[in-house]
Amino acid sequence: MHFNLFPYKIMQKKLEQAVKKGLQEIYGVTINSVEFQTTKKDFEGDYTIVVFAFLRFIKGNPVEIGNKLGEFLVNNVAEVTKFNVVKGFLNLVINDSYFLNSFQNIYKIENFGFVSPNPKDKAVMVEYSSPNTNKPLHLGHIRNNLLGYSVAEIIKASGKNVYKTQIINDRGIHICKSMLAWQRFGNGETPKNTNLKGDKLVGNYYVAFDKAYKEEMKALVAQGKSEEDAKKEAPILVEAQEMLRKWEAGDTEVVALWKKMNQWVFDGFDITYKELGVNFDKNYYESNTYLLGKDVVAKGLNDGIFYKKDDGSVWIDLTDEGLDEKIVLRADGTAVYMTQDIGTAIERFKDFDLEKLVYTVGNEQDYHFKVLFLILSKLGYSWAKNCYHLSYGMVDLPSGKMKSREGTVVDADDLMVEMTNTARDISQELGKLEGYSKPEKETLYKTIGLGALKYYILKVDPKKRILFNPEESVDFAGNTGPFIQYTYARIQSILRKASFDYHVTQSEAEVNLHEKERSLIKQLLLFPEIIQNAAINHSPALIANFTYDLVKEYNSFYQTVPILACENEQEKIIRTQLSFKVGEIIKSAFNLLGINVPDRM
RNA sequence: GGCCUCGUGGCGCAACUGAAUAGCGCACUGGAUUUCGGCUCCAGCGGUUGCAGGUUUGAAUCCUGCCGGGGUCACCA
C-alpha cells in the first residue's frame with residue numbers, strides 16, 4: 001500500500017540504484033547520491049540525470065559518461081526504453097506501461113497524495129489570525145488567515161497531527177479605548193439595536209476614541225502644552241489607562257463591560273471566520289495568558305540569563321549574538337509582549353505534545369521572533385529550535401500602504417461581498433445554471449468569488465509582499481482560481497454525460513499513450529511529492545502552482561483528444577478515468593487552499 | 001545610521017533550493033470549434049534576472065561592494 005504513495009519517487013529510487021550500480025561497473029566508483037530532475041518540455045524524456053555532478057568522481061567527458069550510463073540503464077532497467085544525452089544531461093524515456101500501471105494503481109486510492117497521521121505521534125501547532133478585539137478584520141488579516149489555515153491543512157495532509165490555534169488579544173489599552181468611548185458616546189448602542197456586526201460597532205468606538213483624543217490634544221496644545229505632554233496628558237487617555245488598571249484589579253463594572261463588548265467582537269469575528277472558511281481547534285485568550293512568563297523571567301534572572309537594571313526592569317543582553325539588549329519585564333513588574341510570548345510558548349508545549357510550533361505572523365515581527373526563540377533556547381528549552389516563525393509579506397494596495405487613519409483599509413467582510421458580487425455579474429452572463437435555485441446560485445457565486453480571492457493571495461510565495469490589485473484579483477482567466485474551478489466544472493460535466501462504467505481497471509494491454517495523456521499522468525503522479533514539499537516549505541503557493549500546471553495540462557489534453565467521443569473503447573475509459581482523477585485532485589488540492597469547487601458554474 | 005529583507009520582459013508571478021535555450025499569466029498580434037462547457041486551446045511579440053566584481057565545470061540562486069524599495073531598531077502588541 002505504501003508502495004503506491006509516491007510513484008514518482010519510487011521510479012527515481014529504482015533508477016538511482018541502477019545508476020550507482022552502473023557507475024560501479026563501468027568506472028569502478030561509488031557515489032552516494034544521484035541528482036534528478038524532471039525532463040524539460042523541450043527534450044524527449046521523463047527523468048533527467050545530471051551527469052555534471054559525477055565529474056567530481058569520474059574524470060571524463062560528460063557526454064561520453066552520459067552515453068555509457070544511458071546504455072547501461074536501457075539494458076538493466078526494464079522500464080527505460082530510450083535515452084538521449086544533451087550536454088551534461090542524461091534524459092531517460094520510461095515506457096508507457098509503467099505510467100499506465102502507476103495511474104491504475106493510484107486511481108483507486110482515495111485522497112491520493114495524502115498521508116494519514118499516526119494519532120500517537122507528536123503534533124504540530126499552527127497559530128494564526130490572533131486579532132486584537134478593538135477593530136474588525138481587514139485585508140492583512142485575510143492573508144494571515146488564508147495562509148495559516150492552508151499551511152495547517154497542508155501539514156496535516158503531509159502526515160502530521162495538527163492543532164490550529166489563535167491567541168485573541170482581548171485585553172489591554174486598545175480595548176479600553178473602545179470601552180471608554182462607548183461608555184461616553186454610545187447611547188446604549190448594541191449590535192442588536194443598530195444591526196451592526198459587533199466587531200464593526202466596537203471598531204467605530206475605537207475610531208471615536210481616537211477622534212476625541214486628538215481634539216483634546218489640540219485643546220491642550222492651544223493652552224500652551226507641548227505636543228509631547230499633550231499626548232500623555234489628554235484626559236480621555238488618562239481615563240483609559242485608569243480603566244486598564246481597574247480591569248487588572250478586577251473591578252466588577254469594568255470587567256462586566258469588557259466581557260460584554262468583547263463578546264460582541266467575538267460574535268462578529270465568528271461570522272467573518274465562517275465566511276472565510278477558517279477554523280480553530282483551540283483559542284487562547286490574552287486575558288488568561290498575560291501574566292504567564294513572569295516566573296520564568298524570575299528564574300532566568302536567578303540563573304544569570306537576564307539582568308536587572310537600577311530601575312528594576314529586567315533585560316537580556318544579546319549583543320554577543322549580534323542583536324540588541326531586550327527588555328523582558330517592566331520596571332513596575334508588569335509583563336511586556338516578550339514576557340507573555342515566553343510564557344505562552346511554554347504553556348503550549350505543556351498543554352500539547354508538540355513536535356513543532358508555527359507562528360503565522362507578518363514579517364514586521366521578524367526581529368521579535370528571532371529574539372523570542374533565542375531567549376527560549378537560552379532558558380534551556382530544547383524545543384526552542386522547533387519553533388518556526390511563518391513570516392509573510394505585507395499586503396499593499398496600488399495606492400500604497402493600508403492605513404487605518406487614512407481610511408484606506410480594505411475591510412475583510414466588504415471585500416468578500418465585493419468578490420461575490422463580481423462573480424455574480426460574470427456568472428449571470430456566462431454561467432450554465434439552468435435548474436439552480438436562488439440559494440444554490442448564491443452559494444456558487446460565493447464559491448467563485450472567494451475562490452478568486454483566496455487563490456490570488458495564496459499563489460504568491462508567502463515571504464513576498466503582495467500588491468493587491470482589486471481589478472486583477474477578480475480576473476477569471478489565466479492563472480486564477482475561477483479558471484481552475486471552471487476546468488473542474490467542465491470535468492464534472494463530462495462525467496455526468498459518461499453513460500458507462502468507467503471505474504473498471506484497464507489491463508495495461510497494448511495501449512499506446514498519447515503524448516497528452518503521458519504528461520497528464522506524469523503531473524498527477526507528482527502530487528504526493530508536492531504536498532510534502534509544500535509542508536516542509538510552509539508554502540501553499542506550491543500547491544497552487546501545481547494545480548495550475550495540472551489544469552493547463554488537462555485543458556490541453558481536452559482540446560487535443562476526444563474523450564467521450566473516442567472510438568476505441570479502452571482508450572475512452574482511460575481518458576474518462578484521467579478526467580475523473582484530475583477532477584478529484586483539483587478538488588483535494590483546492591481543499592488544501594481552503595477553496596471549494598463547483599459542479600457547474 | 002545599525003540590522004533584516006526584496007529587486008526576474010510594460011504589469012503580476014515561476015524556476016524542484018547551484019544546472020540545459022530563464023518558464024507562465026495579463027496586455028498586445030495572428031490562428032483553431034460540422035466534437036464532450038470558447039471563462040478553452042495553439043502560435044507570435046517581448047528579459048545581457050538592479051549595477052559591478054568574485055567563487056564554481058555551471059549562478060536569477062552562494063560571497064563582497066554599490067544603487068533602489070520595504071521592514072525593524074518602544075518599559076505597544
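Letters A, B, ... mirror the listed sequences (proteins, then strands); counts begin at 1.
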Does [N] have OP1 or OP2 sitting under 4.0 Å from an N or O in the side chain of [X]?
X: A/Ser556; N: B/C42; answer: yes
X: A/Arg330; N: B/C76; answer: yes
X: A/Asn555; N: B/C41; answer: yes
X: A/Lys40; N: B/A19; answer: no
X: A/Arg496; N: B/G37; answer: no

| remark: Scoring nucleotides 4-13 of chain B by protein non-hydrogen atoms under 4.0 Å (B base, S sugar-phosphate only, - none) yields ---S------
| said: Reading 5' to 3' and counting Watson-Crick or G-U wobble pairs with both distances under 3.5 Å, write the dot-bracket notation for RNA chain B, | for bases paired outside the strand. | reply: (((((((..((((.....[...)))).(((((.......))))).....(((((..]....))))))))))))....
| said: Could you check whether A/Asp46 pairs with A/Arg518 (Lys NZ or Arg NE/NH1/NH2 to Asp/Glu carboxylate O, under 4.0 Å)? | reply: yes
| Positions of residues 560-567 of chain A (non-hydrogen atom under 4.0 Å from RNA chain B), listed by number | A/Val561, A/Pro562, A/Ile563, A/Leu564, A/Ala565
| field | Interface with RNA chain B, restricted to residues 333-345 of chain A and to heavy atoms under 4.0 Å | value |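 Nucleic-acid contacts, sorted: A/Val336, A/Tyr337.
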Could you give the distance separating [M] and [N] at their [atom1] atoms, to the nearest angstrom?
N: B/U21; M: B/C26; atom1: P; result: 27 Å
N: B/G53; M: B/A59; atom1: P; result: 14 Å
N: B/A19; M: B/U55; atom1: C1'; result: 16 Å
N: B/C4; M: B/G47; atom1: C1'; result: 29 Å
N: B/U72; M: B/U17; atom1: P; result: 32 Å
N: B/C13; M: B/A22; atom1: C1'; result: 14 Å
N: B/G44; M: B/U48; atom1: C1'; result: 22 Å
N: B/G69; M: B/C51; atom1: C1'; result: 15 Å

| said: Quick check on RNA chain B: between A/Gln559 and A/Asn537, whose nearest nucleotide comes earlier from the 5' end? | reply: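 Going by which nucleotide is closer to the 5' end, it is A/Asn537.
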| task | Return the 5'-most residue of the pair A/Asn91, A/Ala489 with respect to RNA chain B, ranking by each residue's nearest nucleotide. | result |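 Between the two, 5'-proximity favours A/Asn91.
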| task | Check ring-ring contact (aromatic ring centres under 6.0 Å, His included) between A/Tyr455 and all other residues, then give those that pass, not counting sequence neighbours. | result | A/Phe590
| task | Determine, step by step, whether A/Lys294 and A/Thr339 satisfy the side chain to side chain donor-acceptor pair (under 3.5 Å) criterion, reporting the C-alpha distance in whole Å, the side-chain angles of both residues, the deciding distance to 0.1 Å, and the verdict. | result | CA-CA 7 Å; A/Lys294 287 193 195 184; A/Thr339 328; over 6 Å; no
| said: For A/Tyr285, does the six-membered ring have the charged nitrogen or CZ of A/Arg171 within the cation-pi criterion, i.e. under 6.0 angstrom from the centroid and within 45° of the normal? | reply: no
Base, sugar-phosphate, or nothing for [X], non-hydrogen atoms under 4.0 angstrom?
X: A/Gln485; result: nothing
X: A/Met394; result: nothing
X: A/Tyr548; result: sugar-phosphate

Can [X] and [Y] be counted as having a side-chain donor-acceptor contact under 3.5 angstrom?
X: A/Asn421; Y: A/Asp425; answer: no
X: A/Asn596; Y: A/Thr447; answer: no
X: A/Asn91; Y: A/Asn84; answer: yes

Enumerate all atom pairs, one protein N or O and one N or O from nucleotides 43-49 of chain B, separated by less than 3.5 Å.
none

| Tell me, do A/Tyr337 and A/Asp341 make a side-chain contact under 4.5 Å, heavy atoms counted? | yes
| message | Any non-hydrogen side-chain atom of A/Leu450 less than 4.5 Å from a side-chain atom of A/Tyr445? | response |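 They are not in side-chain contact.
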| message | So, using side-chain contact (heavy atoms from CB on, under 4.5 Å) as the criterion, who are the partners of A/Ile494 when residues are at least two apart? | response | A/Tyr554, A/Tyr558, A/Ile563, A/Leu564
| query | Is the A/Tyr8 to A/Tyr47 ring centre distance short of 6.0 Å? | reply | yes
Show me the protein contacts with nucleotides 60-65 of chain B, counting only N or O atoms at under 3.5 Å.
none

Please list all pairs meeting salt bridge (charged side-chain N to carboxylate O under 4.0 Å, His left out) that have one or both residues in [range], counting only residues at least two apart or in different chains.
range: residues 451-464 of chain A; result: none
range: residues 572-581 of chain A; result: A/Glu517-A/Arg575, A/Glu569-A/Lys572, A/Glu571-A/Arg575, A/Lys581-A/Glu584
range: residues 548-568 of chain A; result: A/Lys41-A/Glu553

| task | Kindly indicate whether the side chain of A/Ser130 and the base of B/A77 share any N or O donor-acceptor pair separated by less than 3.5 Å? | result | no
| field | Identified ring pair (Phe, Tyr, Trp, His ring centres under 6.0 Å) partner of A/Tyr359 from the options A/Phe369, A/Tyr392, A/Tyr128, A/Tyr388 | value | A/Phe369
Please list, for nucleotides 55-59 of chain B, all pairs of protein and nucleotide N/O atoms separated by less than 3.5 Å.
none

| said: With side chain to side chain donor-acceptor pair (under 3.5 Å) as the criterion, how do A/Asp170 and A/Ser287 come out once you've worked through the C-alpha distance, each side chain's angles and the decisive distance to 0.1 Å? | reply: CA-CA 6 Å; A/Asp170 61 346; A/Ser287 51; 2.6 Å; yes
